[in-house]
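Below is one structure; the comments refer to it alone.
Quick note: residue numbers are just sequence positions, from 1.
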Amino acid sequence: MTGRSRCRHLSAAHAHWTAVKSEGVGRFGCACAVGARGGRARHLWQRSPPPPYRSSSQIPCSVWHPFRRDLNATHSALLLHNTQLSGLSSCLGKTPTITHQKMFHIFQYRPLRLITQNSLSSMCLKLMLSRPVAFAQIWKSWFSSHSLLGNKNIILMGPPGAGKTTIGRIVGQKLDCPVIDIDDDVLETSWNMSVSEKLQDVGYEEFLEEEGKALLNFSASGSVISLSGSNPMHAAGMQHVKKNGIVVYLDVPTTVIMSRLKSMAVDRIVGLSAGNSLKDILQFRKPFYKRWYDVRVFCGEDIAAEVVAEKVLDAVKRYQDSELETFISTRSSRSGRSMEKDSHKYFSDIVIQGLAPDGGLFVPERRLPKFTAGEWQGLIEATYIERAEVILERCIHPADIPASKLAEIIGTAYGENFSCSKVAPVRHLAGNQFLLELFHGPTASFKDFALQLMPHLFASCIPRSCNYLILVATSGDTGSAVLDGFSRLHDTDKQRIAVMNFFPEDGVSPIQKSQMIGCQKENAWSVGVKSDFDFCQTAIKQIFTNSDFTGFLTVEYGTALAAANSINWARLLPQIVYHASAYLDLIHQGIIPFGSPVDICIPTGNFGNILAAFYAKMMGIPIRKCICASNENNVLTDFIRTGVYDLRGRKLIPTFSSAVDILKSSNLERYLHLIANEDGQLVTQLFNQLENQGHFQLRKDLLEKLQQDLVAGWCSEEDCLAAIHSVYSTTGYILDTHTAVAKVVADRLQDRTCPIIISSTAHYSKFAPAILRALRIAEINQNPLSQLHLLSSYSALPPIHWGLLETLKKTGKGDHQVCAADMSVLMHHIETLIQNHFMKVF
């Protein structure tokens, strides 16, 4: 559990149930005790202070609010420190002049207990070196750097040639604090020989051990330390140094490093030999760097050392300020947010909570970070996983998920479970059209990108002593992706996290249904509902806002509800990555230079995928237009063209592209909140009107903003099948039904002045009956496995999806529960699942 994890998402009704239940807790005996505060029940856990204090057990209650200290206590602390400083002054031969005003300015950033316990001597630099460090320099530097460093060090880590020494000196000058270069000031001083001589003298393995021993005998406080490129390869040495510092990883592209080292004629790279190339060594070291860092500073090409130094300082400030990155509801008013002390949420809160208590969706209060052109260009040569690490680390504060842990999660999510090493490859289709293939994950749809990652994020954020039931509504692909993703958690996490997936029983393809049934595991179940997707989605929203029911589950069973639909912010973030990655791939392939615009066309239902593309644009990817492609359920097309969202008289039409058979697009609310300058009152008004009257209309100025970003079109069933046949006939490539919808709309709306990236959101194997019909196969066997075998005989591109085929081979038809379209019935299924899973003794 991260320092921020807590059950603040529990509604006020939970406190009501606590009062009703005479025993105080439910039969499960969970520690999720709740109490009313400010109209909202809160978990007993409290959010920890900024890093590095990640656990509440490390900090006494008296220092939870360092900014609200009693002035007399602070004054006493200052007097104590003045006494200590006066004692030290005799050692320096002069008396320091320190005013109370300046001392208060310095100390206001630190908990009172730490002020009274630490003396200046404990923060002084202690080097086990032959050359002494002037104590007067420490004295001078302590004051100017103290508010940022305290008694911590800034530790610069990175490959040879990353500029650690130069940047360390600049950072030290800016902070006016000691600067230590491990190579020059520690290793060469203690060895009495150069690093290259030592390496030549003892050899590679012995050198690493000797280097590690020197690191273990080294100690410093309040300094900027530049590590050697090989320091991170010695675990004990790094653990020792990291205890008293913030490790900043200077991540420089390998091509840049190789160019720098060549121009510098460096001859002392540890491990360099006739059998190992420089590139191999740099790649080999990356996992060691990723193990130790707290924050990453990504350095693109041709970036000045001064700029990198500023980035380092900004990264350290961000790391220390865990209150900086908060989230708000799309329906919260500015005045309400300023008056309500507990209105702000953090990433770990919203991953757990999913839907805001007022019915809105969570969005970042300060919006998403903007990358520079140089930073994007630095990612051109990077792998998909490396791109994901850099992008997501800037969007998730390390107080919620530490950067090294996040990198580990990303590596797991996009590893061997994806059939293509490129994860999300871009393929040329025809003319200026390119396909972004998003179906290489285990369940053959773009949903895998979020749902192989999100379960691990969720497990990292939740308290260890509570159970969670994930509720999901799906129109097809989400269900199997959620079930598969959460079934890949560690066994201990699966015991406390379960999934219930609701889908329209007759509203998904036979193969999709077989896949959802086949993906059921010990902690993951599917329930078919005799209705459409809109009912399933609306029902889940109502369950989350039913405080009586959610409170009952918490108190009676120690179980909280959470959402994994695209309304959850953790579902949207990973989708930003593949839109950015697709653009970078076009540059890498030499299709366009960086800065040239592209259009993106996406088959759209719930508006999450296209919203992620718009977020990528906000972060600096030069996307010109986002083209929204609908099937015959074309409410979004009408809305984007007219500004009128009108559900009156509309009925959902089942189509071949079932994943976008949606009339109420939930994530549209996030986009409208953005273009309305975060006017939560307006968003509330619009969506209340949609709920109560079935329609709303945008103001003219908002419609103009919308139409600057979005264009829209729709595709009939006949045109969808015709596009599949046409593309296969001319290219040998088979589109799935959703991608065919996007292809038809792209053909109609693109102006051919720039490349257009079409999101291929699912593998055609999932829609075999429609594909066989499009290919004009007269007789179609109703067995899904037989249909896939028939498609595989065409030897088309891409080949049949391996994961889907294996799932169908193992499971066959399988069993699942089916229920009526009734809220009380769905709630009964939920309670029964909780009884069966969480009441077990494992």
Quick one, [X] and [Y] - any side-chain contact, counting heavy atoms below 4.5 Å?
X: Y293; Y: E393; result: yes
X: K370; Y: M618; result: no
X: T254; Y: E381; result: no
X: S480; Y: K447; result: no
X: L706; Y: F639; result: yes
X: C720; Y: N631; result: no
X: E437; Y: C420; result: no
X: D251; Y: E386; result: no

Shortest non-hydrogen contact between [X] and [Y], atoms and distance:
X: S566; Y: L572; value: O-CG, 4.2 Å
X: P442; Y: D448; value: N-OD2, 3.4 Å
X: I511; Y: L788; value: CD1-CD2, 3.9 Å
X: A613; Y: I623; value: O-CD1, 3.4 Å
X: A309; Y: V171; value: CB-CG2, 3.8 Å
X: V744; Y: D719; value: CG2-O, 3.6 Å

Taking it one step at a time, do V741 and T737 satisfy side chain to side chain contact (heavy atoms under 4.5 Å, CB included)? CA-CA 6 Å; V741 167; T737 50; 5.9 Å; no
Start with the C-alpha distance between L775 and L791, add both sets of side-chain angles, then the distance that settles side chain to side chain contact (heavy atoms under 4.5 Å, CB included), and finish with yes or no. CA-CA 10 Å; L775 298 179; L791 282 173; 4.2 Å; yes
Report yes or no: does [X] contribute a side-chain atom to a donor-acceptor pair with the main-chain N or O of [Y] at less than 3.5 Å?
X: S792; Y: I800; result: no
X: R387; Y: W376; result: no
X: H763; Y: P799; result: yes
X: H738; Y: A762; result: no
X: S665; Y: G605; result: yes
X: N633; Y: D661; result: no
X: S259; Y: T255; result: no
X: H801; Y: F439; result: yes
X: Y289; Y: G229; result: yes
X: S726; Y: A722; result: no

Assess the side chains of [X] and [Y]: does a donor N or O sit below 3.5 Å from an acceptor N or O?
X: W714; Y: T637; result: no
X: D280; Y: S277; result: yes
X: N568; Y: R571; result: no
X: R624; Y: T753; result: yes
X: S657; Y: T655; result: yes

Spacing of [atom1] belonging to [X] relative to [atom2] belonging to [Y], to within rounding of 0.5 Å:
X: K705; Y: L710; atom1: NZ; atom2: CG; value: 13.5 Å
X: L636; Y: R641; atom1: CG; atom2: CZ; value: 11.5 Å
X: N667; Y: I610; atom1: CG; atom2: CD1; value: 11.5 Å
X: S404; Y: Y249; atom1: OG; atom2: OH; value: 12.5 Å
X: R285; Y: M233; atom1: CZ; atom2: CE; value: 5.5 Å
X: I401; Y: F347; atom1: CD1; atom2: CZ; value: 5.0 Å

Would you check, one step at a time, whether the test side chain to side chain contact (heavy atoms under 4.5 Å, CB included) holds for I621 with F371? CA-CA 9 Å; I621 295 295; F371 281 62; over 6 Å; no
Any salt bridge between [X] and [Y], counting N to O under 4.0 Å?
X: D585; Y: K422; answer: no
X: R773; Y: E717; answer: no
X: D751; Y: K625; answer: no
X: D747; Y: K743; answer: yes
X: K286; Y: E389; answer: no
X: R488; Y: D484; answer: yes

Give the C-alpha distance, both sets of side-chain angles, the deciding distance and a yes or no for side chain to side chain contact (heavy atoms under 4.5 Å, CB included) between C754 and D599. CA-CA 7 Å; C754 70; D599 290 336; 3.7 Å; yes
Going by the side-chain contact (heavy atoms from CB on, under 4.5 Å) test, name the single residue among T739, V727, V426 that passes it with L435.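 Of T739, V727, V426, side-chain contact (heavy atoms from CB on, under 4.5 Å) with L435 is met by T739 alone.
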Parallel, tilted or perpendicular: which describes the rings of F607 and Y671, with under 30° parallel and over 60° perpendicular?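 Aromatic pair F607/Y671 classed tilted.
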Report yes if the distance between the aromatic ring centroids of F418 and F449 is under 6.0 Å, otherwise no.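 Here the rings of F449 and F418 have centres that are less than 6.0 Å from each other.
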Compute the ring centroids of H579 and Y615, then answer whether they are less than 6.0 Å apart.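 For H579 and Y615, the ring centres are not under 6.0 Å apart.
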With E325 as reference, evaluate R366, R318, H397 under the side chain to side chain donor-acceptor pair (under 3.5 Å) test and give the passing residue.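 Answer to the side chain to side chain donor-acceptor pair (under 3.5 Å) test with E325 among R366, R318, H397: R318.
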Within 6.0 Å of CZ in F594, more than 12 heavy atoms from elsewhere: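 Above 12, so yes.
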